[in-house]
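Atoms within a ligand are numbered from 1 in the order they appear, just like the ligands themselves.
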Amino acid sequence: MEAMKVGLLGLGVVGAGTWHVLNRNAQEIARRAGRGIEVTHVAVRDVAKARSIVGPNMLITDRPEEVVCDPTIEIVVELMGGVTLAYDMVLKAIENGKHVVTANKALLALHGTEIFEAASRKGVMVAFEAAVAGGIPIIKAMREGLTANRIEWVVGIINGTTNYILSEMRTRHLSFAQALSQAQGLGYAEADPTGDVEGIDAAHKLTLLASMAFGIPVQFTGAYIEGISAIEDEDMVQAERLGYRIKLLGITRRRDHGIELRVHPALVPIESLLASVEGPMNAVVVSGDAVGQTLYYGQGAGAEPTASAVVADLVDVTRLHTADPEHRVPHLAFKTNALIDTAILPIDQIVTPYYLRLNVDDQPGVLADISRELAHFRISIESMIQKPTELGGAKLIFLTHQALEADINEAIEAIEKMPFVRSSVMRIRVEALQ
Ligand code: NAP
Ligand code: HSE
């Protein structure tokens, strides 16, 4: 049988990785897919650079629309990134009846609903295993392996750059700025690291996971997003003392009145598997009513780990493209007409334990006043640490029992107004993984 013809948009980190994996493992891949998978067209900006990677016989263009409009191409692989040209090219490819494989989580988090609807109308597939947690086959697990379950929650370390930074801060006592500069030197973080350190990249991925977990439309704008730039070495040390580690988590959880969708730093119990995920690695825990908790761990980024997921999608599309579209696995795990528009809960409606740290004058009545304020807002203290500070004051660290975020916010506002309080209150949520 003739090889499946593929057009590659982008030949950067992931594009070149995909090219190398497809070529190196061509025979194995053909045996698995039932036919060869051949890249015949590549679109990039720098044609000469691409030529040096793919050799003399490839059609290379700096006009991606030439690839998506070429009648011989059956699958378009979008690996350019961004949400403008990629958006136009993906919709154009779908309109032209081509299947799409993409690693672009930003594109799908912002425009997924429109893209999946367009694909369903045209009867083509949009596969995106590489868009969440790189080489970890979490999409496959959630769309197929866990399909019997009512998913209760998904919690993941889904950004390698921030996990590397937090690991370095904890183990080597680096400041956030020092650890970030190290991550940039190693190529983990971009020159502009905002998307990673402020939690936006993780929120793109979490938005897709939430849709597949709960059968809801893709709703990035509903996500609560908080990054790691405010975390201090002091918090790392105190968290460890309390039996926790700080991780940037993506959390989505089913509640009675809606769905939690949030990315923020969180204390996780030291004995949990997520606490031992270090460096740039990713891990996702999914809790289902039948299976219990399952854990997926691996490299969430990088050329060949991400290419592993892109090529897996290429094989899937090659196997399934002749199947009746009605009988393919739905893009978001649930049939499009069965998606339910369950509300995303505002962050002040979440209920979780909290870590609070502040500096105060060391004088009688301070603890009593703070405890009274917490009690006034229905917040119960689980444990407390007091340490002297260099300036003759005291550092207080509280771990609370479960509390409503709206109550915590009001309590913090009241505490920060107290005359003996010398700092703002550092607040980090706790995730018990239950
Ligand atoms: P990259 O290294 O910056 O590569 C982007 C590629 O797209 C380059 O080959 C570039 O061409 C090409 N390109 C950009 N704009 C173009 C335009 N206007 N016309 C034609 N070609 C254009 O990016 P990447 O790291 O591979 O990431 C690609 C996608 O994968 C992104 O959506 C990213 O979020 C996602 N992803 C990346 C990773 C990772 O580890 N890097 C992991 C998971 C997902 P030139 O080479 O000529 O500049
Ligand atoms: N920037 C991402 C990370 C990799 O640090 O995990 C691409 O998804």
Residue contacts for ligand 1, heavy atom to ligand atom, distance under 4.0 Å: Gly10, Leu11, Gly12, Val13, Val14, Ala43, Val44, Arg45, Asp46, Lys49, Pro64, Leu79, Met80, Gly81, Leu85, Ala103, Asn104, Lys105, Ala130, Ala301, Gly302, Thr306
Enumerated ligand 2 atoms positioned under 4.0 Å from heavy atoms of Asn159: 1 (N), 2 (C), 3 (C), 5 (O), 6 (O)
Would you say the side chain of Val315 lies within less than 4.5 Å of the side chain of Ile37, judging by non-hydrogen atoms? yes
So, are Lys92 and Glu65 salt-bridged, with charged N and O less than 4.0 Å apart? no
Walk me through whether Arg429 and Glu431 qualify under salt bridge (charged side-chain N to carboxylate O under 4.0 Å, His left out). CA-CA 7 Å; Arg429 299 170 190 87; Glu431 178 51 51; over 6 Å; no
Using heavy atoms and a threshold below 4.0 Å, how should the contact between Asp201 and ligand 2 be classified: side chain, backbone, both, or neither? side chain
Flag Thr161 as yes when one of its N or O atoms lies below 3.5 Å from any N or O atom of ligand 2, and as no otherwise. yes
Quick one: does Leu314's side chain get under 4.5 Å of Ile75's, heavy atoms only? yes
Would you call the rings of His321 and His99 parallel, tilted or perpendicular, taking 30° and 60° as the class edges? perpendicular
Is Arg143 salt-bridged to Glu129, going by a charged N under 4.0 Å from an acidic O? no
Among protein heavy atoms, which lies nearest atom 4 (C) of ligand 2, and at what distance? Ala301 CB, 3.5 Å
Using a plain distance cutoff, I'd like to know if Tyr188 has any nitrogen or oxygen under 3.5 Å from a nitrogen or oxygen of ligand 2. no
Are Glu152 and Arg255 close enough for a salt bridge, meaning some N to O gap below 4.0 Å? no
Heavy-atom side-chain proximity of Leu274 to Tyr297 below 4.5 angstrom: no
Protein heavy-atom partner closest to atom 1 (N) of ligand 2 - residue, atom, separation in Å: Asp196 OD1, 2.9 Å
Any non-hydrogen side-chain atom of Arg170 less than 4.5 Å from a side-chain atom of Ile246? no
Between ligand 2 and Gly160, is the shortest N or O to N or O distance under 3.5 Å? yes
Would you call His41 and Ile60 a side-chain contact if the rule is heavy atoms closer than 4.5 Å? no
Below 4.0 angstrom from a heavy atom of Lys105, which ligand 2 atoms are there? Numbered from 1 as shown, please. 7 (C), 8 (O)
